[in-house]
> 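I have a structure here, written as structure tokens, and I will follow up with some questions on it.
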Amino acid sequence: MSTRRRTLLKVIVLGDSGVGKTSLMNQYVHKKFSQQYKATIGADFVTKELPIDDRLVTLQIWDTAGQERFQSLGVAFYRGADCCALVYDVNVMRSFDTLDNWHEEFLKQTNIIIVLSQGNLPRRQLLWKCINLFNLIKANLSDPRTFPFILLGNKIDIDGGNSRVVSEKKAKDWCASKGNIPYFETSAKEDYNVDPAFLSIAKIALANE
Ligand code: GDP
Ligand code: MG
């Protein structure tokens, strides 16, 4: 019998209420989709085991229990994250516009101040400093520019893609501006690209571990 090393990775899923965060997790972990909207209650996280190379990875995926509306998720939610998956709905512009807030909120909660200077310089300058070394180490962050985020554009199934308001290019440009965040377009409903997205999440979290 092969003895794979076990590795626990914590992934947090952030984004506006209603974009499909819980649905993506349910599709990935339980292979189920529900049309009904239920504010998430109960467990803070779900887990899924998957082999990657010589490791047996336990992916611990943290969901918000509807508190994303109030943006008060608490430090326990963020602590020790190995990857942060941001989710928006390709049919809802607002959910794309708030990505900046979620991205910043994550970095702020993990006690990093970033000063983004755009000015007239030909290239952006990113300056960063840590204000809390303890939390910094806990969150495995060495540099916010390299912290593994991933972006998921969900609900691409709706109206065969005709009702989308955020183009793939626009989303990819945003990802490029944040240091080349990987991007996946998904449908929790049709189970499109859900496994590849979470596999990528696991791999980049593992690389950051
Ligand atoms: P959350 O608030 O981000 O956790 O969003 P939910 O997972 O609760 O989903 C909100 C609503 O969108 C529910 O009614 C889901 O059934 C629906 N939904 C989620 N993902 C998809 C998708 O990929 N396609 C479609 N058509 N509906 C989705
Ligand atoms: Mg939810």
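All ligand and atom numbering here is 1-based and tracks the order in the structure.
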> Could you walk me through whether Asp63 and Val46 pass side-chain contact (heavy atoms from CB on, under 4.5 Å), step by step?
CA-CA 8 Å; Asp63 195 7; Val46 291; over 6 Å; no
> Could Lys155 and Asp89 be called an ion pair, given the rule that one side-chain N must be under 4.0 Å from one carboxylate O?
yes
> Would you verify whether the NZ or CZ of Lys48 falls within 45 degrees of the ring axis of Tyr28 while also being under 6.0 Å from that six-membered ring's centre?
yes
> Below 3.5 angstrom, do we get any N/O pair linking Ile158 and ligand 1?
no
> Quick test of your reading of the structure: of Ser187, Gly15, Ser23, whose heavy atom lies closest to atom 15 (C) of ligand 1?
Ser23
> Is ligand 1 less than 4.0 angstrom away from at least one heavy atom of Phe33?
yes
> Going by the angle between their ring planes, with limits at 30° and 60°, are Phe77 and Trp62 parallel, tilted or perpendicular?
perpendicular
> Hey, is Glu49 close enough to Arg4 for a salt bridge, meaning N to O under 4.0 Å?
no
> When you measure from the heavy atoms of Asp16 to every atom of ligand 1, does any distance fall below 4.0 Å?
yes
> So that I can check it, does any N, O or S atom in Ser23 come closer than 2.8 Å to the Mg ion (ligand 2)?
no
> Can you sort out which atoms of ligand 1 are near Ser34, meaning under 4.0 Å from one of its heavy atoms?
15 (C), 16 (O)
> With respect to Lys21, determine whether any N or O atom, backbone or side chain, lies less than 3.5 Å from an N or O atom of ligand 1.
yes
> Taking N or O atoms only and a 3.5 Å limit, does Thr22 qualify as a polar contact for ligand 1?
yes
> Does either side chain, that of Ser187 or that of Asp157, offer a donor lying less than 3.5 Å from an acceptor on the other one?
yes
> Under 30°, 30 to 60°, or over 60°: which ring-plane class applies to His103 and Phe149, parallel, tilted or perpendicular?
tilted
> Using heavy-atom distances, let me know which of Asp63, Asn91, Asp157 sits nearest atom 25 (C) of ligand 1.
Asp157
